[in-house]
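We name chains A, B, ... by the order of the sequence lines, and we start the count at 1 in each one.
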Amino acid sequence: MPIRLHDSLTRQTLELKPAQKDGVYRFYNCGPTVYAPAHIGNFRTFVINDVIRRLLELEFPGKVKHVRNLTDVDDKTIRRAQDEQRPLAEVTRQWTDKFHADCAALNCLPPHVEPTATGHIHEQVDMIDVLMKKGNAYRAADGSVYFKVSSFDGYGALSRVKERELQAGSAMKATAADADEKEDVSDFALWKAHKPDDGANAWDSPWGRGRPGWHIECSAMSKKHLGDTIDLHTGGVDLLFPHHENEIAQSQCCNGTLFSHHWYHSEHLLVDGKKMSKSLGNLYTLDELVAKGFSPMALRYALLMGHPRKQLSFSLDSMHAAESALTTLKNFRATLLPGAGLGHDAFGPVLQALHDDLNTPAALGALFTIVNRYAGEVDAASFDRAIFALGLDLNAAAAPQATAPAAVTALAEKRWAAKQAKDFAAADALRKELTGAGWSMLDRKDGYSLEPVKK
RNA sequence: GGCGCGGUAGCCAAGUGGUAAGGCCGAGCUCUGCAAAAGCUCUAUCGGCGGUUCGAUUCCGCCCCGCGCCUCCA
């Protein structure tokens, strides 16, 4: 069953298939900047890309090459390192580790290659060198190298911002730090000359000490690990311009060939109706949600509740909804027998929805429709395949078990004894006391468990 | 100002030219000493006004409201 996905460049829904003869599907996904914990908006993009990865794995087994970079040198990482008076590599290592831990908790498959910008300085310099020689770049007075946007006819095709109006309302442009150095405000840095604020974070180049600009890293790493032309390039919508537009310009001018066959951008996660930002104070991290008692898997589910190409409203209600939905799925899974089944792929509609432009909410809808209809009668394999594609780990679904304080445990013991003695009045009174203390007592035939009262 | 997206039940959210998936919450019921779990049932006419059409939530126009991007933010 073909996977169809919207393409940002042509605005059409195109089938995903490897373009090259070796049959390998080349997939590049713009990764995080490692200077702080990624927030859940970042993870929306990474979870969505993980579903793409999973669909590709199912469709082209063993023939998928997924590359996702780590931006480990830029203004933010350097500033963080300088502020903390630590080596850049140490700071980025710390946040890389944290990113990996969060991704694992969200059940995201690791990319096959995870290149870093600092690990590819040479490749970036080489590309810039070619661009200089071809006349697509120039060295400014300050020692920085800029890409000459006017040298690339195709500029603006992706973002459809053909000619930037440089006259009216360009107050922002004038404030750009390097505005005076560039020949044109649209030009962007390929190599940034070293500045005192950068500290020790600089590399040698034919144009003097400095560091690579942001965009060139993806062009260079994509070229090195996937070749001049890739099948799919993805990221959040905010990367559409200028990041991806600039990547296209660099790569195509350098390599002389098409950069990517397919572009895909996922939309923003909204909190309180707005894009998450520090200034608005509406930013969540995975750790913060876990601290509130939610499971990472509930976040993954919540992030899949909306169509990837539409803004999604997130709230703690979403987390509650996701947690409950996961519990239902987990209980349902327990009722399935390996041998049972209707002799067909009952959960096929789930995959169908995902193959139809990654319609995750429709997929979840189909999942529950089938769960409700076929309770217990379907083949576990069909269910598991759908769950795999969505990347839900039902075993990890339960929130971490909280440990009840000794006083609560003692109350629970008393109540259990009262119940065994059929002193129901006492048992009910003790249950109330436990509830007052913030704990729910769940009875089973052979015992009980305690969990925090759900809010 | 330029480019783009969206307004569907209390909340989240699919979808289709022929009278609206699903999840959560809520209500009622069954079961169970109680609670939980499980099961059953119930809850919308799709921002507003026009137009096209036999028929529009779905197509077109206008209006209102909201959101995103516009040089380094997923």
Side-chain angles (χ1 to χ4, degrees), chain A residues 8 11 29-33 38-49 71 74-76 156 159-165 167-170 172-173 176-179 182 185-189 192 213-215 234-243 245-246 265-270 273-278 301-302 305-307 309-315 317-329 331-332 335 349 353 359-372 375 415 419 422 424-425 427-428 431-432 434-435 440-444 448-449 451 454:
Chain A
S8 308
R11 296 189 183 179
N29 170 18
C30 278
T33 302
H39 62 245
I40 63 175
N42 296 315
F43 282 117
R44 179 181 195 203
T45 294
F46 297 126
V47 165
I48 287 166
N49 276 277
T71 297
D74 78 324
D75 292 343
K76 294 193 294 291
S159 55
R160 270 153 254 261
V161 188
K162 199 67 177 175
E163 289 301 326
R164 325 292 314 290
E165 338 86 84
Q167 327 297 339
S170 60
M172 279 176 68
K173 318 284 198 291
D178 52 4
K182 299 190 285 192
V185 287
S186 297
D187 294 347
F188 55 92
K192 305 180 84 157
W214 174 35
H215 316 295
T234 66
V237 274
D238 46 3
L239 296 187
L240 212 143
F241 186 87
H243 188 52
E245 195 74 74
N246 293 352
H265 296 92
S266 47
E267 257 294 351
H268 286 307
L269 187 66
L270 263 38
K274 307 267 192 195
K275 174 185 171 181
M276 283 194 293
S277 75
K278 280 181 183 168
Y301 188 101
M305 292 198 309
H307 189 109
R309 291 195 296 108
K310 268 180 77 174
Q311 296 172 337
L312 171 64
S313 296
F314 177 86
S315 70
D317 284 345
S318 312
M319 290 299 292
H320 281 117
E323 206 79 74
S324 297
L326 281 171
T327 300
T328 299
L329 292 176
N331 292 339
F332 176 80
T335 68
N359 195 334
T360 54
L364 292 174
L367 181 63
F368 274 89
T369 299
I370 301 159
V371 162
N372 293 334
R415 180 177 165 279
K419 180 184 168 175
K422 300 210 183 294
F424 295 127
D428 289 351
R431 176 182 287 287
K432 273 190 182 172
L434 280 165
T435 306
S440 298
M441 189 162 170
L442 307 181
D443 294 356
R444 294 189 310 272
Y448 63 88
S449 56
E451 66 178 38
K454 286 174 187 166

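The side chain of A/Asn331 has B/rA37 as its nearest neighbour among B/rC34, B/rA37, B/rA13.
The distance from atom CE of A/Met441 to atom P of B/rG33 is 17 Å, rounded to the nearest whole Å. Residue A/Asp74 contributes atom CG, which lies 9 Å from atom P of B/rA74 at whole-angstrom precision. In this structure, A/Asn372 places its CG atom 13 Å from P of B/rC42, rounding to the nearest Å.
Heavy atoms of A/Lys419 sit under 4.0 angstrom from at least one base atom.
Using cut-offs of 30° and 60° on the angle between ring planes, the pair A/His243 and A/Trp214 is parallel.
If you take atom C1' in B/rC29 and the same atom in B/rG51, they sit 49 Å apart, rounded to whole Å.
No donor-acceptor distance shorter than 3.5 angstrom exists from the side chain of A/Thr71 to the backbone of A/Gly31, with no hydrogens or angles considered.
Nearest-nucleotide positions on RNA chain B place A/Ser315 closer to the 5' end than the other of A/Ser315 and A/Ala325.
Under the Watson-Crick and G-U wobble criteria, each requiring two contacts below 3.5 Å, nucleotide B/rC5 is paired to B/rG66. Base-pair partner of B/rU58: not found among the strands shown (Watson-Crick or G-U wobble, both distances under 3.5 Å). Under the Watson-Crick or G-U wobble criterion, with both distances below 3.5 Å, B/rC40 is paired with B/rG28.
Residue ring and nucleobase are stacked for A/Phe424 and B/rG33, with a centre distance beneath 5.5 angstrom and an angle between planes beneath 30°.
Nearest heavy atom pair, residue A/Met319 against residue A/Ala302, reads SD-CB, 4.1 Å.
Residue A/Ser324 has a polar side-chain atom (N or O) positioned under 4.0 Å from OP1 or OP2 of B/rC25.
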